[in-house]
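None of the values given here were measured: they were computed from a predicted structure.
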Amino acid sequence: MRNTRASLLLGCVLFCSASLLYLGMSSIECPPKSHRHRWMELNLGSANQNLSLPEHFPEDTPLIFIGGFPRSGTTLMRVMLDAHNSVRCGEETRVIPRLLAMRATWSRSVKERIRLDEAGVTDQVLDSAVRAFLLEVIVGHGEPAARLCNKDPFTLKSLSYLARIFPKAKFVLMLRDGRATVHSMISRKVTISGFDLTSYRDCLTKWSSAVETMFSQCQAAGEDRCLPVCYEQLVLQPQEEMRKLLQFLELQWDPSVLHHEELIGKSGGVSLSKAERSTDQVMKPVNTDALAKWVGHIPPDVMSDMDEIAPMLARLGYDPHANPPDYTRAESILSLSNFSQSSKATEAPRPS
């Protein structure tokens, strides 16, 4: 009798335990899939889901990098591209240009390179690690898409390096009249390390140097890898400029790129960051409101020395003495090939 009761009690306990386990499991929802997992499903199907990211996302993946000097239209360009049904750029990561700057510092220091080589941390090891880090950030910080894009303005100061570690990547370099760029930076109090926001002369001098660095790397990468886009032409004739861009990126035409404001905050559309200074401006349709806001704000002594302070203005096709220039001219920016020829003709030979 005692054994029968014990068996019945044990059976009840097991039955109750199984019931509770079943009810508990049925009420637990599966955790949401990560952006990485969803990207794998979108681009690779369901096979080999357990492999590591680099095996799924090889170095020859055709990434898109948007860059340029801050306040040159980089955010406008990325939201217009974000409106394309095959592209996702997303907000600035901020960490990518910092990592690239650190990597460049290691390469410049002879002593540091020797120490790293002695420790077995070769350029190949570092490049592999940097590539994996960048891919992890680009894939993971936004929705999956067929073509992934990154927009951090100063990333293109490392354009040559990125072109080497991502041999199929393409680059979009935003260019704008430096006077408008600097005025926007100063008036909106956009701080950049090393720039004196109380001095137009200082900011224009450093703008010219930074743009020369990025544009020369764009020119060296070649017309099939890097496309310079003039902000003025983008807002004056957006359809023509975006058609050129999508052809360069080997993407089909999508009219949504001309109406990014209609997709803000929508699933698969345009995501904006409250922390970025340009967010309030790109919520509007493409417009020409900012073209000549700088006129009348730059000190006369700076205006008179403009060709010496900012030589990149003339090299990019902007008249340094016009106030303002005629931005409607289609030839307001030199092509990469013309720039190469003109720079060779104007630069003095450098000692070897």
Side-chain angles (χ1 to χ4, degrees), residues 65-74 77 153-160 163 171-186 192 194-195 199-237 241 244-245 248 290-292 294-295 298-299 301-351:
F65 288 94
I66 300 171
F69 198 89
R71 313 303 303 166
S72 293
T74 56
M77 172 55 73
F154 278 143
T155 290
L156 293 202
K157 292 176 76 172
S158 300
L159 192 157
S160 296
F171 305 89
V172 181
L173 174 60
M174 291 302 299
L175 298 167
R176 184 184 182 186
D177 187 329
R179 294 160 293 192
T181 301
V182 166
H183 173 68
S184 178
M185 183 176 72
I186 290 176
I192 300 176
F195 283 71
S199 170
Y200 273 92
R201 184 179 293 268
D202 176 78
C203 290
L204 280 161
T205 300
K206 291 172 180 174
W207 166 86
S208 188
S209 176
V211 170
E212 182 179 19
T213 296
M214 289 184 277
F215 197 89
S216 63
Q217 292 184 63
C218 184
Q219 183 263 328
E223 295 181 3
D224 61 330
R225 299 290 307 278
C226 183
L227 180 70
V229 177
C230 178
Y231 167 81
E232 291 82 8
Q233 298 307 311
L234 179 63
V235 298
L236 286 168
Q237 42 193 18
E241 292 300 308
K244 290 178 186 176
L245 175 66
F248 165 74
L291 282 182
W294 62 271
V295 176
I298 301 177
D301 63 304
V302 176
M303 289 296 296
S304 62
D305 297 338
M306 191 61 69
D307 53 347
E308 297 178 6
I309 294 172
M312 279 302 292
L313 284 173
R315 291 186 183 181
L316 295 177
Y318 297 106
D319 184 344
H321 299 294
N323 192 15
D326 181 7
Y327 293 128
T328 61
R329 292 187 304 117
E331 66 276 17
S332 62
I333 180 172
L334 296 175
S335 69
L336 284 173
S337 57
N338 288 339
F339 177 84
S340 178
Q341 294 171 4
S342 64
S343 61
K344 288 178 182 178
T346 56
E347 289 183 356
R350 295 182 180 179

Please confirm whether the backbone N or O of [Y] pairs with a side-chain atom of [X], one donor and one acceptor, at under 3.5 Å?
{"X": "S216", "Y": "E212", "result": "yes"}
{"X": "S209", "Y": "T205", "result": "no"}
{"X": "R176", "Y": "R71", "result": "yes"}
{"X": "S304", "Y": "D301", "result": "yes"}

Compare every heavy atom of [Y] with every heavy atom of [X], then report the nearest pair and how far apart it is.
{"X": "L245", "Y": "V172", "answer": "CD1-CG2, 3.6 Å"}
{"X": "G194", "Y": "D202", "answer": "O-OD2, 4.1 Å"}
{"X": "G178", "Y": "L204", "answer": "O-CD2, 3.5 Å"}
{"X": "Q217", "Y": "K157", "answer": "NE2-O, 2.8 Å"}
{"X": "T74", "Y": "I66", "answer": "O-CG2, 4.0 Å"}
{"X": "D177", "Y": "E232", "answer": "N-OE2, 3.0 Å"}

Distance check, rounded to the nearest 0.5 Å: [X] atom [atom1] versus [Y] atom [atom2]?
{"X": "S72", "Y": "M77", "atom1": "OG", "atom2": "CE", "value": "12.0 Å"}
{"X": "L173", "Y": "Q219", "atom1": "CG", "atom2": "CD", "value": "12.0 Å"}
{"X": "F171", "Y": "L156", "atom1": "CZ", "atom2": "CG", "value": "7.0 Å"}
{"X": "R179", "Y": "I309", "atom1": "CZ", "atom2": "CD1", "value": "11.0 Å"}
{"X": "I298", "Y": "M306", "atom1": "CD1", "atom2": "CE", "value": "4.5 Å"}
{"X": "H321", "Y": "D307", "atom1": "NE2", "atom2": "CG", "value": "4.0 Å"}

Would you check if [X] and [Y] make a side-chain contact, meaning some heavy-atom pair closer than 4.5 Å?
{"X": "L234", "Y": "M174", "result": "yes"}
{"X": "V229", "Y": "K244", "result": "no"}
{"X": "V211", "Y": "L316", "result": "yes"}
{"X": "C226", "Y": "L159", "result": "yes"}

Under the criterion ring pair (Phe, Tyr, Trp, His ring centres under 6.0 Å), which of Y231, F195, F215 is the partner of F69?
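Answer after filtering Y231, F195, F215: F195.
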Aromatic plane relationship, Y327 with Y318 - under 30° parallel, 30 to 60° tilted, over 60° perpendicular
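Ring orientation, 0 to 90° scale: perpendicular.
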